[in-house]
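Please read the structure below before turning to the comments.
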Amino acid sequence: MSVAIARGVGLGLACGDDRWAIATPDPLPVLAELVAASAPRWVWWGDETTALVAQAQIPIDRCWDVRTVHRMLFGGSRAPLGEVWATLKGLRLDTLPRLGQLGLLDPPSDEGDRAEPTMPDGHLRPEWIDGGFGRTPDRLAAWAACALEAASLQDQLIDGRGDPARCRSTARSESAAELLCAEMSAAGLPVDERTAHGLIADAAGPRPESAEHDDRLRAARDEVVLARLEHRREVNLRNPGEVKAMLERQGFELPDTRAWRLEKLRHTEPLIDALLTWRKAERIATTYGYAWLDEHVREGRLRGSWSSTDGAAGRMTASAGLHNLPSVMRPIVTAEEGHLFVRADLGQIEPRVLAAVSGDRMLIEATRGDDLYLPIAQRLGVERSVAKLAVLGAMYGATTGESAGALAGLRKNYPVAMALLEQAAESGKRSEDVFTHGGRRVRMWASHKQDGNLDRAVAAAAARGRYARNAVIQGAAAEYFKVWAITVRRHSRALGAVVVLCLHDELLVHVPEARADEAAAMVTNAVVEAAHYWSPQADVRFVADTQVVKRWSDVA
DNA sequence: ATCGTAGGCGCC
DNA sequence: AAAGGGCGCCTACGAT
């Protein structure tokens, strides 16, 4: 059974042909009761409802998020509801109505007394999409019924896909992951603000009291680097061109001033060391400084917006620095009083996923151990580090260096896995969309300019090849990760635990101290449960490293 | 002024 | 050991 919901002046619900609305000042308790009483699959259009369910902490596990499923079926990250509906109904996208500016072109009020979410031509009413659906109980019920129809159309569409059962299960898990994202957005990540102030002060100095003070602090940070110059002069360290010129004057000819390039020279020259140290501090001062703290941290929680699907291949994204907090800042992520974190990350996830989606028997064999690179190195007759580099290179599309040498060995020993990657790369070169194992479409793009420059066209095709090659692995890994995350979310409820961070292959779960060990075991077991649900190959082994910590940075 | 892009760097 | 895939966010800068 599926029940669709929408919320405005009350709660709109639809189930099969029945539609009804509950118009009370606070309909959420009613919804909570309904959830407790039955376990339907809840259907909704997208963000607005997930935010509502998350904020009200309604414990829904089974859902169908029309917008999220649309992104999965058609690719791309934008999915305006008007387009979603038009696509499902086979309506022309170039006849999509737009919400008139200044109200002059608002759709005529020709709907009469009937609450009808669509116009005579079949398109959704822009004014409804824009929030008008919530104005009256009748509209709410109709909007919910319309979501139900959209979900049903998507379900039919999935029947026409190559592997409907798998595609359907991906649609469901991705929908639940979207709800988890809404919950993480609402709850935030526990952060110790005093530690944060201390770390920011270490890098950027005290909190500036005025614009002039800020300038002085900046100049003082710069001075440490500039003082190393043989001939003192003003250089804008924030301008890569000026830095490059400065290094040239010091005798360093470099194509650019990237850290990995400078790192090699670090110990030959105090100036380089000072510059690299400056950049680290500057990163914290600018991106993760006081302004960041003021904007994103409130009452001990760091909040950003999470999306389950925004990454090109379907990875999660997060704003507010949640996905790229520098490691030196990670001690700020601290469990609250009486709580601990269960921190766990999947081990060697991408090559294990490659084994699963390709079904390469020899590679599957290699996943049996904790370290899958060891048996690969043995087969190839190379060092472990070389084998690792070669496997990663094959998935990222590296073509040069030592990894390229081992590539031939990989092709010979793991032909099925390598063929899958090659096929994806070929699709990419031809600008043909690729599909992840779970059925997500990953859009490719055509060459923008046909300027007749063959070199550039070849380079662009090669870039698409690398992108597509990586997308089928990264995308499938993201699908498996999300299944793991929602499995943990579902089991967390009984322990009073909450998933507070997802980072591509890593989970952070906030849990009362007394249940921490139970939660850790649950998280580890969930790796197997998720593999059972997701993996097309039952004998691929997935592993996780799980720890109970007070701070995110407490890695044993 | 506002926008997009490039170089850079943080994380995976 | 080489510098390949993804994301968000910073500054500087040129185009609009």
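Below, chain A is the first sequence line, B the second, and so on; all start at residue 1.
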Candidates B:dC11, C:dG5, C:dA12 - which lies nearest the side chain of A:R218: C:dA12

side-chain N/O A:T257 vs B:dG8 OP1/OP2, d < 4.0 Å: yes

Donor-acceptor pair under 3.5 Å, A:R315 side chain vs B:dC12 base: yes

Per A:R258 side chain, nearest of listed nucleotides C:dG8, B:dC9, C:dC10: B:dC9

Flag for A:R216-A:S210: side-chain donor and acceptor within less than 3.5 Å: no

Touch class at under 4.0 angstrom, heavy-atom based, for A:S385 against every strand present: nothing

Presence of A:R466 side-chain N/O under 4.0 Å of C:dG5 phosphate oxygens OP1/OP2: yes

Presence of A:R238 side-chain N/O under 4.0 Å of B:dA6 phosphate oxygens OP1/OP2: no

Whole-Å distance separating the CH2 atom of A:W292 from the P atom of B:dC11: 13 Å

Touch class at under 4.0 angstrom, heavy-atom based, for A:I473 against every strand present: nothing

Nearest to side-chain heavy atoms of A:Q474, which nucleotide of B:dC12, B:dC9, C:dG5: C:dG5

Whole angstrom value for the distance that separates C1' of C:dC10 from CG of A:N236: 13 Å

Contact under 4.0 Å: A:N239 side-chain N or O vs C:dC13 OP1/OP2: yes

Whole angstrom value for the distance that separates P of C:dG5 from CZ of A:R464: 14 Å

First encountered from the 5' end of DNA chain C, between A:A313 and A:A320: A:A313

Earlier contact from the 5' end, DNA chain C, for A:G311 and A:Y396: A:Y396

Length of the line joining A:L503:CG and B:dG10:C1', which is rounded to integer Å: 11 Å

From B:dC12, B:dG8, C:dC9, nucleotide with atom closest to A:S319 side chain: C:dC9

OP1 or OP2 of B:dC9 under 4.0 Å from side-chain N/O of A:N324: no

Sugar-phosphate, base or nothing in reach of A:A318, heavy atoms under 4.0 Å: sugar-phosphate

Min side-chain heavy-atom separation A:R301-A:V500 under 4.5 Å: yes

Sugar-phosphate, base or nothing in reach of A:D310, heavy atoms under 4.0 Å: nothing

Pair A:Y288, A:N324: side-chain N/O donor-acceptor within cut-off below 3.5 Å: yes

A:S327 vs B:dC11: side-chain N/O to OP1/OP2 distance below 4.0 Å: yes

Euclidean distance, atom CZ of residue A:R343 to atom P of B:dC11 [Å, nearest integer]: 15 Å

Sugar-phosphate, base or nothing in reach of A:R283, heavy atoms under 4.0 Å: base

Below 4.0 Å: OP1/OP2 of B:dC9 and any side-chain N or O of A:K280: no

Nearest-nucleotide pick for A:T317, side chain only, options being C:dG8, C:dC10, B:dC9: C:dG8

A:P240, nearest nucleotide to its side chain (from C:dC7, B:dG8, B:dC11): B:dG8

Nearest-Å distance for atom pair CG/P, residues A:L237 and C:dA12: 10 Å

Shortest side-chain distance from A:A312, nucleotide among C:dG6, C:dC9, B:dC9: C:dG6

Whole angstrom value for the distance that separates P of C:dG5 from NE2 of A:H504: 16 Å

Touch class at under 4.0 angstrom, heavy-atom based, for A:D256 against every strand present: sugar-phosphate

Geometric class of the A:W445/A:Y467 ring pair [parallel <30°, tilted 30-60°, perpendicular >60°]: perpendicular

Under 3.5 Å side-chain donor-acceptor pair for A:S307 and A:R71: no

Whole-Å distance separating the CG atom of A:D345 from the P atom of B:dC11: 15 Å

Between A:S305 and A:S319, a side-chain donor and acceptor under 3.5 Å: yes

Distance in Å, A:L340 CG paired with A:R551 CZ, rounded so as to fall on 0.5 Å steps: 12.5 Å

